[in-house]
Amino acid sequence: MSIANLARRVVRALTPYQSARRIGGNGHVWLNANEAPLAYPFTIEGSRLNRYPQCQPAAVVNGYAAYAGVNPDQVLVSRGADEAIELLIRTFCEAGEDQILICPPTYGMYAISAETCGVGIVEQPLTPSRQPDWPAIQDRLSDVKLVFLCSPNNPTGDLVGRKGLIKLLEKAQDRAIVVVDEAYIEFCPESSVVDLLARFPNLVVTRTLSKAFALAGIRCGFTLGDPEVIAMLAKVIAPYPIPEPIAQIAAQALSPMGLELMQERVIELNKQKAIIKGELASLPCVKEIFEDKGNFVLVRFDDSAAVFAAMKAAGIVLRDFSSKPGLDNSLRITIGYQGEMDAVLEVLRGLGANNVPADKMSATR
């Protein structure tokens, strides 16, 4: 008998989340994981490494609370926002009974976390304008415990409409928790919904240091919510979720100097994003450029397979979303530094007119 037969049935049948590192790839320009292009040095003090760390390091919790504009009792720090997603499901959903709602195409870990916890999944696809279908979601509130919304959405880059969200929160009071994933919000901070936490105890916001803070490697995320929600999650989280070196780095990243560096990084990456969007719009192989509120841009090509192959041959690794609903021929390009963006554009220009369909050929002559 295979040892795998001892595993839970749901795990045996599970297809794991295909993260950028799990998929892999060969190249020297990595633009497939929405990572920051450059790392920054931090210092670690080792005199307390013989001691277990705090479950919720005060310097990190207080630092993030001040940054996000909430009280410390509204913050939970975790091993990335991915752990926050799973904690919410484990805390509020009964295995084999409850369900979550997601709006594909969106971040895949919502579904994976639900599956691993034995929780059902209700899919309510985005509308043609790539917004949550608010009336349809409201109609399903009696069926679900958690609604996951990603804003900016990964991979499309769209923001969740504020008016629709407020109506949903009103309808969902005492019925369901609405989770807004703001992993990319530093690239459009004016669009955050954290201010709504004061009005809606059924709103939860998840955040991360992985994107704008350029700290994907330390796996540090945050849950922002009503103190009662945070207290419930604190019952479920592991006793020592944040290693001492991670806490030290996170605290430095949230210092005034760290926040200044982050904001400078955001300005530079948003500048690079605007430049490459302008260049992409002029290329005949590009059919559509999606919204751009994160540190990436999703692009629909005439022939994404040809583009992906050409990039691979040039050592540039992108993320293919062509198999996702409504995203045929679409590739996601992480915004990197200027040299990386120039390399992408060089490949696309090199594809030439050989990849231009006949109906576009006459327009480009």
- [ ] Under the salt bridge (charged side-chain N to carboxylate O under 4.0 Å, His left out) rule, what do Arg130 and Glu288 come out as? Steps first, then yes or no, please.
- [x] CA-CA 14 Å; Arg130 297 193 293 274; Glu288 181 181 5; 3.4 Å; yes
TODO: To the nearest 0.5 Å, tell me how far Thr334 OG1 sits from Leu318 CG.
DONE: 8.0 Å
Open item on the list: Are there over 12 heavy-atom neighbours, none belonging to Glu346, within less than 6.0 Å of that residue's CD?
Closed with: no
Task: Polar side chain donor-acceptor pair, Tyr107 to Asp82, under 3.5 angstrom - done: yes
Open item on the list: Ignoring hydrogens and geometry beyond distance, is a side-chain donor-acceptor pair present between Asp133 and Thr127 at under 3.5 Å?
Closed with: no
Open item on the list: Tell me if the CZ atom of Arg48 is crowded by more than 12 foreign heavy atoms within 6.0 Å.
Closed with: no
TODO: Determine, stepwise, if the pair Val178 / Leu165 fulfils side chain to side chain contact (heavy atoms under 4.5 Å, CB included).
DONE: CA-CA 9 Å; Val178 179; Leu165 174 63; 3.9 Å; yes
Open item on the list: Measuring from atom CG of Asp292 to atom NZ of Lys273, what distance do you get when rounded to the nearest 0.5 angstrom?
Closed with: 4.5 Å
TODO: Determine whether Ile121 and Val119 make a side-chain contact, defined as any pair of heavy atoms from C-beta on separated by less than 4.5 Å.
DONE: no
Task: Closest non-hydrogen atom pair, Asn71 against Val75 - done: O-CG2, 3.8 Å
Open item on the list: Using a strict threshold of under 4.0 Å (side-chain N to carboxylate O), is an ion pair present between Arg162 and Asp195?
Closed with: yes
TODO: Side-chain contact test, heavy atoms from C-beta onward, threshold under 4.5 Å: evaluate it for Leu149 versus Val160 and give yes or no.
DONE: yes
- [ ] Could you list the residues that satisfy side-chain contact (heavy atoms from CB on, under 4.5 Å) with Ala343, not counting sequence neighbours?
- [x] Ile316
Task: Salt bridge Lys145-Glu94, side-chain N to carboxylate O under 4.0 Å - done: no
TODO: Taking the six-membered ring for Trp and the full ring for Phe, Tyr or His, determine whether the centres of Phe296 and Phe290 are under 6.0 Å apart.
DONE: no
Task: Heavy atoms of other groups near Arg90 CZ, more than 12 under 6.0 Å - done: yes
Open item on the list: Using side-chain heavy atoms (C-beta onward) and a distance below 4.5 Å, is Cys103 in contact with Ile137?
Closed with: yes
Open item on the list: Less than 4.0 angstrom from a charged side-chain N to a carboxylate O is my criterion; do Arg207 and Glu182 meet it?
Closed with: yes
TODO: Taking all heavy atoms of Leu159 and all of Cys188, pick out the closest pair and write down the distance.
DONE: CD2-SG, 3.8 Å
Task: Heavy-atom neighbours of Lys271 NZ exceed 12 at 6.0 Å - done: no
TODO: Report the C-alpha distance between Glu279 and Arg349 in whole Å, list the side-chain angles of each, state the deciding distance to 0.1 Å, and finish with yes or no for salt bridge (charged side-chain N to carboxylate O under 4.0 Å, His left out).
DONE: CA-CA 10 Å; Glu279 295 289 344; Arg349 293 179 184 127; 2.9 Å; yes
Task: Distance-only side-chain donor-acceptor flag, Ser47 / Glu45, under 3.5 Å - done: yes
TODO: Any chance you could lay out the salt bridge (charged side-chain N to carboxylate O under 4.0 Å, His left out) test for Asp320 and Arg332, step after step, and finish with the verdict?
DONE: CA-CA 6 Å; Asp320 187 354; Arg332 192 187 67 193; over 6 Å; no
Task: Joint cluster assignment, Ile275 & Ile267, ILVMFWY side-chain distance < 4.5 Å - done: no
Open item on the list: For Phe42 versus Ala253, what's the shortest heavy-atom pair and its separation?
Closed with: CE2-N, 4.0 Å
Open item on the list: Distance check, rounded to the nearest 0.5 Å: Met341 atom CE versus Ile335 atom CD1?
Closed with: 5.0 Å
Task: side chain to side chain contact (heavy atoms under 4.5 Å, CB included) between Ser210 and Leu215, worked out - done: CA-CA 5 Å; Ser210 293; Leu215 289 171; over 6 Å; no
Task: Aromatic ring pairing Tyr52/Tyr240, orientation class (parallel under 30°, perpendicular over 60°, tilted between) - done: parallel
Open item on the list: Distance check, rounded to the nearest 0.5 Å: Leu38 atom CG versus Glu340 atom CD?
Closed with: 7.5 Å
TODO: Indicate, with yes or no, if the rings of Tyr184 and Phe187 have centres closer together than 6.0 Å.
DONE: no
- [ ] Could you grab the distance from atom CZ of Arg319 to atom OG of Ser330, nearest 0.5 Å is fine?
- [x] 13.5 Å
Open item on the list: Does either side chain, that of Thr206 or that of Thr223, offer a donor lying less than 3.5 Å from an acceptor on the other one?
Closed with: no
Task: Nearest heavy-atom neighbours spanning Phe213 and Thr208 - done: CD1-O, 4.2 Å
Task: Residues Lys293, Asp158: salt bridge by 4.0 Å N-O rule - done: no
TODO: Provide the closest heavy-atom pair for Leu87 versus Leu233 in the form atom of the first, atom of the second, distance.
DONE: O-CD2, 3.7 Å
TODO: Tell me, yes or no, whether the heavy-atom count around Glu264 atom CD, taken from other residues, nucleotides or ligands under 6.0 Å, exceeds 12.
DONE: yes
Open item on the list: Checking side-chain polar atoms at under 3.5 Å, does Asn153 have a donor or acceptor matched by the opposite partner on Thr106?
Closed with: yes
Task: Any side-chain heavy-atom pair of Leu141 and Lys171 under 4.5 Å - done: yes
Open item on the list: Ignoring hydrogens, what is the shortest heavy-atom contact between Ile242 and Cys55? Give both atom names and the distance.
Closed with: CG1-O, 4.2 Å
Open item on the list: Pairing donors with acceptors under 3.5 angstrom, does anything connect the side chains of Gln252 and Gln248?
Closed with: no
Task: Sidechain N-carboxylate O distance under 4.0 Å for Arg175, Glu170 - done: no
